[in-house]
Amino acid sequence: MNPTVARKTAVVVGHGMVGHRFVEALRSRDTEGQWQVIILSEEQLPAYDRVGLSSYVGAWDPKALALPGNEYAGDALVELRLGQSAESIDRAARKVTTSSGDILAYDALVLATGSYPFVPPVPGHDRPECFVYRTIEDLDGIRAAAEAAGPGGVGVVVGGGLLGLEAANALRLLGLTPHVVEYNTRLMPAQVDEGGGAILERLVTDLGLHVHTGVGTSSIEPADQGVRVTLSDESVIDAGLVVFSAGVRPRDQIGRDAGLEIAPRGGIVTDLGLQTSDPNIWAIGECAAVEGVCYGLVAPGYSTAEIVADRLLGGAGEFPGADMSTKLKLLGVDVASFGDAHGVTEGALSVVLHDAAKGTYAKLVVSDDAKTLLGGILVGDATAYSALRPLVGRPLPAEPAALISPAGAELGADALPDDAQICSCNNVSKGAICGAIAEGACDIPAIKSCTSAGTSCGGCVPMLKKLLEQSGVEMSKALCEHFEQSRAELFQIVQVTGIRTFSGLIAKYGKGTGCDICKPTVASILASTSSDHILDGEQAALQDTNDHFLANLQKNGTYSVVPRMPGGEVTAEQLITIGEVAKEFGLYVKVTGGQRIDLFGARVEQLPLIWKRLVDAGMESGHAYGKSLRTVKSCVGSTWCRYGQQDSVGMAVLLEKRYRGLRSPHKLKLAVSGCARECAEARGKDVGVIATENGWNLYVGGNGGLTPKHAVLLAGELDDETLIKYIDRYLMFYIRTADRLQRTAPWQEALEGGMDYLKQVICEDSLGIAEDLEAAMAQHVAGYRDEWAAVLDDEEKLSRFVSFVNAPEETDPTISFDESGERKVPVLLGLPEVPVATQGK
């Protein structure tokens with residue numbers, strides 16, 4: 001930062017995704033510190049992912065949607081004012097008056113006010129049961145109304161476009177039966193044509209939505225249990241709430257009041273540099289009408305933000321036009337459109353593949369000579385989108401029908417020229433990506449870091465993988481320096497050869513003596529492929545610190561004890577025993593987030609004594625120390641809860657007892673919620689099960705940690721038998737193919753073909769291995785024995801639980817505690833802390 005630079009002030013009105021992108025772009029480029037930025041945010045929350053708003057349902061955690069760096073911590077040149085809006089603009093004095101009465105002077109004013117939901121003037125539209133679907137606050141209101149409506153209630157969504165279907169899915173997840181009312185003759189009329197709309201309607205109807213197309217909403221009147229919605233065809237829907245999602249309008253009122261030029265259909269008019277009719281005011285995102293045209297997608301919004309940042313620093317960037325292509329997954333249904341999807345170009349021809357049996361629809365729009373791709377629509381299966389979209393406006397590499405036929409030509413990355421846009425969200429070309437690969441970006445994370453490609457919607461990631469392959473990048477699969485094979489390959493070797501020792505495996509397939517990477521990994525594989533005790537023979541020496549003593553090592557050298565409580569259930573006698581043990585051994589007691597009780601502060605020599613008491617009380621190891629199943633969390637379900645639709649506790653107990661002791665590449669957490677209110681937080685777990693009135697919805701790949709991920713729907717409305725069968729297959733497929741220490745979420749993301757491929761493998765048995773996966777799980781279930789019970793019955797295993805091997809009768813004198821406060825805490829006595837990587841919690 002140059003202290004001699006005369007600093008100017010940029011006031012940004014609005015802190016949505018585009019406003020945040022502008023501030024990020026300006027601050028990253030303003031190396032001289034020319035601009036001080038003041039942001040006015042009407043909402044109390046800093047910028048969040050509004051595109052991913054639907055993922056808020058179930059998690060109800062605003063932080064999960066927060067955009068990285070949205071609070072500008074440590075940046076003295078950015079001031080974020082939450083809960084303040086701009087009330088008026090004095091263009092002559094170049095000042096903005098805020099809702100709190102402050103007057104801010106500006107050198108540049110950037111309007112990023114976005115858009116507002118259009119609510120048609122239907123009689124009754126302003127009733128308290130009526131909502132819009134735009135912000136986190138809106139969803140909180142919808143949630144409260146859905147809970148008041150109760151299970152089995154009805155929700156009406158007015159509008160069958162993209163946001164309308166997202167709103168309908170939110171109501172479905174909240175336990176309501178959604179009715180979608182669309183004035184047009186088909187759903188998503190902006191994105192799909194009649195053929196695509198027909199397939200889409202059939203697919204979403206199969207998922208439980210009631211669709212009313214070609215009708216409007218005539219009135220909304222109060223009723224006994226909510227409202228009565230009358231449609232233009234005189235049909236009536238009794239509902240608990242109504243959500244309006246009938247499109248958006250540019251939020252341009254502050255520009256109108258200030259006398260800025262407004263487009264005939266709304267929006268603050270700008271030139272290609274995003275400058276308004278006032279040279280000191282700029283407009284970006286959905287409130288901007290670039291040369292009279294508004295764009296309602298985030299990608300062109302980001303482009304406008306980048307251009308204004310460039311202009312304020314002396315550049316001459318211009319809006320390049322907008323790619324309005326979209327690739328979406330609505331209620332688990334793929335929908336994509338790109339280019340001239342509706343064939344409005346003069347002379348355009350259409351090639352259509354409509355497979356009603358498979359529920360897929362594909363259309364390519366080509367030039368009159370069938371040699372140039374103009375656009376397309378994909379419904380039900382959008383895997384070809386990432387390869388087709390960059391070809392818009394370019395010569396076709398094969399016959400149009402061959403490009404969308406399952407038996408036709410597969411497009412490779414070599415079919416695209418260097419200037420083809422691969423990432424439309426961040427305007428990244430094939431040439432830029434290949435350049436980054438040539439300079440050393442040899443995996444997907446590195447390409448994302450270098451080019452920003454794939455960091456927004458992620459739709460271009462499959463093409464990034466193809467470009468890596470085309471560039472000849474060969475990524476090592478070696479587990480470590482001692483094994484050239486990957487973990488998955490070693491798993492197959494162990495399974496096929498029957499080798500049961502590390503020494504035997506490394507002698508035949510590796511080199512050297514092994515290390516801290518391969519030894520625990522092989523130990524996990526050996527445990528996953530048999531029911532042998534992990535402390536038997538040579539295998540005991542392979543375990544890491546936690547597995548070596550079947551307990552979690554804590555920072556002062558003591559261990560924690562976690563007995564299993566399937567589904568969170570515990571008897572009064574067991575609870576009394578836990579209390580007696582804690583009191584007798586002086587342990588610190590804490591209830592965990594996984595519905596169990598954790599006992600801290602046990603010395604290593606005390607572990608067998610403690611577990612003897614717990615095992616005698618009918619309890620067993622909770623495996624809190626292992627890379628294995630930890631817990632299956634549950635709510636009380638239909639047994640107690642008035643909203644419960646299935647017995648979630650019973651299912652949680654069944655699942656926990658089935659998968660207990662299952663060793664895996666990383667820890668596993670499951671949850672079962674008795675209804676869509678999601679009190680067990682199932683969508684944050686590796687495997688999440690949510691009850692519906694017709695069965696169970698199965699979600700997979702949810703993880704906490706540094707990079708939280710929501711689980712994704714694998715299959716819906718399953719009976720008990722099918723649910724367990726799919727979970728068996730999923731867990732065993734993960735155990736066999738995941739990398740070392742790879743959680744389920746990154747494993748799923750790394751699968752070629754992603755969730756579509758996973759569904760084919762698990763639900764359709766596309767690889768023909770389902771029977772084998774189920775048999776492997778059955779073998780695990782049949783061979784399970786509690787690890788601690790086995791230790792207590794084996795004098796040789798018991799002999800390892802001492803502080804000092806050469807003086808087994810002595811205790812560790814360095815272990816002490818501070819009990820002066822309300823909580824018992826460990827005292828380290830100057831000892832180095834145990835590295836976090838070796839702690840198993």
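In what follows, residues are counted from 1 in the order of the sequence shown.
Val180 and Gly159 get closest at one heavy-atom pair: CG1-O, 3.7 Å. Of all heavy-atom pairs between Ala453 and Ile433, the closest is CB-CD1, 4.1 Å. When all heavy atoms of Leu171 and Val156 are compared, the closest pair comes out as CD1-N, 4.3 Å. Minimum heavy-atom separation, Arg7 to Gly33: NE-O, 2.9 Å. Taking each heavy atom of Cys130 and Ile220 in turn, the nearest pair found is SG-CD1, 3.9 Å. Here the closest non-hydrogen pair linking Ala47 and Gly16 is CB-O, 3.7 Å.
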Tell me which donor-acceptor pairs under 3.5 Å the side chains of residues 279-297 have, and how far apart each pair is, sequence neighbours excluded?
from: Glu286; atom 1: OE1; to: Ser115; atom 2: OG; distance (Å): 3.1
from: Glu286; atom 1: OE1; to: Arg134; atom 2: NH2; distance (Å): 2.9

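Put simply, the side chain of Ile39 reaches to within 4.5 Å of the side chain of Val78, judged on heavy atoms. Val687 is not listed as a side-chain neighbour of Tyr699, based on a closest heavy-atom distance of 4.5 Å or more. Counting only heavy atoms from C-beta outward, the side chains of Leu109 and Val96 approach each other to under 4.5 Å. In this structure, the side chains of Met17 and Arg21 stay at 4.5 Å or more apart for every pair of heavy atoms. Contact annotation: the side chain of Tyr48 approaches that of Ile136 to within less than 4.5 Å [non-hydrogen atoms, C-beta and beyond]. Counting heavy atoms from C-beta outward, Ile142 and Leu241 have side chains that approach closer than 4.5 Å. Looking at heavy atoms from C-beta onward, Leu77 lies out of side-chain contact with Val37 at the 4.5 angstrom threshold. At least one side-chain heavy atom of Ser303 sits less than 4.5 Å from a side-chain heavy atom of Phe319.
Classification of Arg683 and Glu678 as a salt-bridged pair fails, no side-chain N sitting under 4.0 Å from a carboxylate O. Ion pairing between a basic and an acidic side chain is recognised when a charged N comes within 4.0 Å of a carboxylate O; Arg91 and Asp278 show such pairing. The residues Arg81 and Asp102 are annotated as salt-bridged, a charged nitrogen and a carboxylate oxygen being separated by less than 4.0 angstrom.
Using a 3.5 Å distance cut-off with no hydrogens or angles, the side chains of Gln84 and Ser100 do pair a donor with an acceptor. A side-chain donor-acceptor contact under 3.5 Å links Ser85 and Glu87.
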Assess the residue pair Val119 and Val132 against the criterion (side chain to side chain contact (heavy atoms under 4.5 Å, CB included)); give the C-alpha distance rounded to whole Å, side-chain angles, the decisive distance to 0.1 Å, and a yes or no. CA-CA 8 Å; Val119 177; Val132 294; 3.6 Å; yes

Using the side chain to side chain contact (heavy atoms under 4.5 Å, CB included) rule, take Leu174 and Val57 through it: C-alpha gap first, then chi angles, then the decisive distance, then the call. CA-CA 8 Å; Leu174 287 167; Val57 178; 4.3 Å; yes

Verdict with supporting geometry, Tyr106 and Val13, side chain to side chain contact (heavy atoms under 4.5 Å, CB included): CA-CA 12 Å; Tyr106 65 83; Val13 180; over 6 Å; no

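Residues meeting the side chain to side chain contact (heavy atoms under 4.5 Å, CB included) test with Arg265, sequence neighbours left out: none. Partners of Asp271 according to the salt bridge (Lys or Arg N to Asp or Glu O under 4.0 Å) rule, which considers only residues two or more places apart in sequence or in another chain, do not exist here. With sequence neighbours left out, the side chain to side chain contact (heavy atoms under 4.5 Å, CB included) criterion links Pro189 to Glu182, Asn184, Arg186. In this view, Arg677 satisfies the salt bridge (Lys or Arg N to Asp or Glu O under 4.0 Å) rule with no residue, not counting sequence neighbours. Applying the salt bridge (Lys or Arg N to Asp or Glu O under 4.0 Å) test to Arg127 and every residue at least two apart in sequence or in another chain returns Glu129. In this structure, Tyr133 has no ring pair (Phe, Tyr, Trp, His ring centres under 6.0 Å) partners at least two apart in sequence or on a different chain. For Lys633, the side chain to side chain donor-acceptor pair (under 3.5 Å) partners are Glu681, not counting sequence neighbours. With sequence neighbours left out, Trp747 forms a ring pair (Phe, Tyr, Trp, His ring centres under 6.0 Å) with Tyr730, Phe733, Tyr734. Partners of Glu261 under the side chain to side chain donor-acceptor pair (under 3.5 Å) rule, at least two apart in sequence or in another chain, do not exist in this structure.
Here the straight-line distance linking atom CG of Leu104 with atom CZ of Arg94 works out to 14.5 Å at 0.5 Å rounding. In this structure, CD1 in Ile437 is found 4.0 Å from CD1 in Ile447, a value given to the nearest 0.5 Å. Put simply, CZ on Phe22 and OH on Tyr302 are 15.0 Å apart, with the number rounded to the nearest 0.5 Å. Summarising the geometry, atom CG belonging to Leu67 is positioned 11.5 Å from atom CG belonging to Leu45; distances are rounded to the nearest 0.5 Å. With values rounded to the nearest 0.5 angstrom, Phe338 atom CZ is found 8.0 Å from Tyr385 atom OH. Note that CG of Leu162 is 6.0 Å distant from CD of Gln191, once rounded to the nearest 0.5 Å.
Remark: side-chain polar atoms of Asp310 are paired, donor with acceptor, to backbone N or O of Ala316 under 3.5 angstrom. For the pair Asn703 (side chain) and Ala745 (backbone), a donor-acceptor distance under 3.5 Å is present. Judged by distance alone, with hydrogens and angles left aside, the side-chain atoms of Arg311 form a donor-acceptor pair with the main-chain N or O of Gly317 at under 3.5 Å. Using a distance-only test at 3.5 Å, with no hydrogens or angles considered, a donor-acceptor pair links the side chain of Asp138 to the main chain of Thr135. In this structure, the side chain of Arg630 does not engage the main chain of Lys667 through any donor-acceptor pair within 3.5 Å. Of the possible donor and acceptor atoms, one in the side chain of His20 sits under 3.5 Å from a partner among the backbone N and O of Pro68. Between the side chain of Asp107 and the main chain of Thr9, a donor-acceptor pair closer than 3.5 Å is present. Between the side chain of Thr270 and the backbone N or O of Thr276, no donor-acceptor pair lies under 3.5 Å. The backbone N or O of Lys448 lies less than 3.5 Å from no partner atom in the side chain of Thr451, so there is not a single donor-acceptor pair. Trp35 contributes no side-chain N or O that, together with a main-chain N or O of Asp30, makes up a donor-acceptor pair within less than 3.5 Å.
Listed by first and then second residue, the side chain to side chain donor-acceptor pair (under 3.5 Å) pairs involving residues 245-259 are Glu42-Arg251, Asp252-Arg256, Gln253-Asp257 (not counting sequence neighbours). Applying the salt bridge (charged side-chain N to carboxylate O under 4.0 Å, His left out) test to every pair with at least one member in residues 46-73, sequence neighbours left out, gives these pairs: Glu43-Arg50.
A cation-pi arrangement, defined by a distance under 6.0 Å to the six-membered ring centre and an angle within 45 degrees of its axis, is present between Arg143 and Trp60.
Tyr72 has its ring centre less than 6.0 Å from the ring centre of His15.
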